[in-house]
Amino acid sequence: MFVPVDIAYHRQSRELELAYENGENFRLPAEFLRVLSPSAEVQGHTPDQARLPVGKREVSIVAIEPVGLYAIKIVFSDGHDSGYYDWDYLRKLAVDKEALWENYLARLGELGASREPDDPRNRPFELPLKKTCHH
């Protein structure tokens with residue numbers, strides 16, 4: 001398992017930087033991390049339940065929290081905070097970044113959706129607002 005020795009968020013470029021003991025260094029855009037969130041909201045509980053996040057070009061990271069010694073929880077500016085990015089998943093995102101991004105862009109194109117936050121073409125793909133239970 002590759003565990004980063006340093007994790008830094010660059011607010012201006014909106015990139016998460018991962019540094020490894022072997023000298024490798026990766027920068028992952030917040031939008032990339034958001035649309036590939038390991039959460040059930042994005043990935044689903046089964047592959048047919050997976051959802052395509054749209055309109056996330058301007059998303060940023062507002063907090064990064066450790067989860068034990070195995071992961072981080074990323075809180076995004078759009079309120080998404082339910083995915084735990086374990087070290088293996090972060091490494092996969094870093095190493096396969098180009099292919100994963102191209103696949104995401106191709107899926108957006110196939111569905112006629114957009115990375116732009118206010119694009120009306122995204123409405124059919126947007127998640128409904130979470131309802132809060134008041135007891």
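Only a predicted model underlies this, so the values are computations on that prediction, with no experimental measurement involved.
- A 4.5 Å side-chain heavy-atom check between Tyr84 and Tyr89 finds every atom pair outside the cut-off.
- Side-chain atoms of Leu28 and Lys97, non-hydrogen and from C-beta on, do get closer than 4.5 Å to each other.
- Contact annotation: the side chain of Phe125 never approaches that of Leu52 to less than 4.5 Å [non-hydrogen atoms, C-beta and beyond].
- Between Arg57 and Glu31 there is no salt bridge, since none of the side-chain N atoms of the basic residue sits less than 4.0 Å from a carboxylate O of the acidic one.
- Minimum interatomic distance between Trp87 and Val3 (heavy atoms only, all atoms of both residues): CD1-CG2, 3.6 Å.
- Under the 4.5 Å side-chain heavy-atom criterion for Ile, Leu, Val, Met, Phe, Trp and Tyr, Ile7 and Phe26 are members of the same hydrophobic cluster.
- A donor-acceptor contact shorter than 3.5 Å is absent between the side chain of Trp101 and the backbone of Asp96.
- Salt-bridge formation is detected for the pair Arg34/Glu41: a Lys NZ or Arg NE/NH1/NH2 atom is positioned less than 4.0 Å from an Asp or Glu carboxylate oxygen.
- When all heavy atoms are compared, the tightest approach of Phe2 to Asn22 is CE2-ND2, 3.7 Å.
- Judged purely by atom type and a 3.5 angstrom limit, Asn122 uses its side chain to pair as donor or acceptor with the backbone of Glu116.
- Ion pairing of Glu24 with Arg91 is present here, as a side-chain N (NZ or NE/NH1/NH2) and a carboxylate O approach within less than 4.0 Å.
- Of all the heavy atoms in Ala30 and Ile61, the pair that sits closest is CB-CG1, 3.9 Å.
- Using a 3.5 Å distance cut-off with no hydrogens or angles, the side chains of Ser13 and Glu15 do pair a donor with an acceptor.
- In this structure, CZ on Arg115 lies 7.5 Å from OH on Tyr104, to the nearest 0.5 angstrom.
- Taking hydrophobic clusters as Ile, Leu, Val, Met, Phe, Trp and Tyr residues chained together by side-chain heavy-atom distances below 4.5 Å, Val42 does not share a cluster with Val59.
- In this structure, the side chains of Ile72 and Val67 stay at 4.5 Å or more apart for every pair of heavy atoms.
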Trace of the salt bridge (charged side-chain N to carboxylate O under 4.0 Å, His left out) decision for Glu58 with Arg14
CA-CA 9 Å; Glu58 301 300 322; Arg14 294 191 312 256; 3.7 Å; yes
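- Taking a 6.0 Å sphere around CG of Asp118, one finds it holds 12 or fewer heavy atoms contributed by other residues, nucleotides or ligands.
- Side-chain contact between Phe32 and Leu100: present, with at least one pair of heavy atoms (C-beta onward) separated by less than 4.5 Å.
- Put simply, the side chain of Ile64 reaches to within 4.5 Å of the side chain of Leu16, judged on heavy atoms.
- Between the side chain of Tyr85 and the main chain of Leu33, a donor-acceptor pair closer than 3.5 Å is present.
- Between Gly83 and Ser37, the shortest heavy-atom distance links the atoms CA-OG, 4.0 Å.
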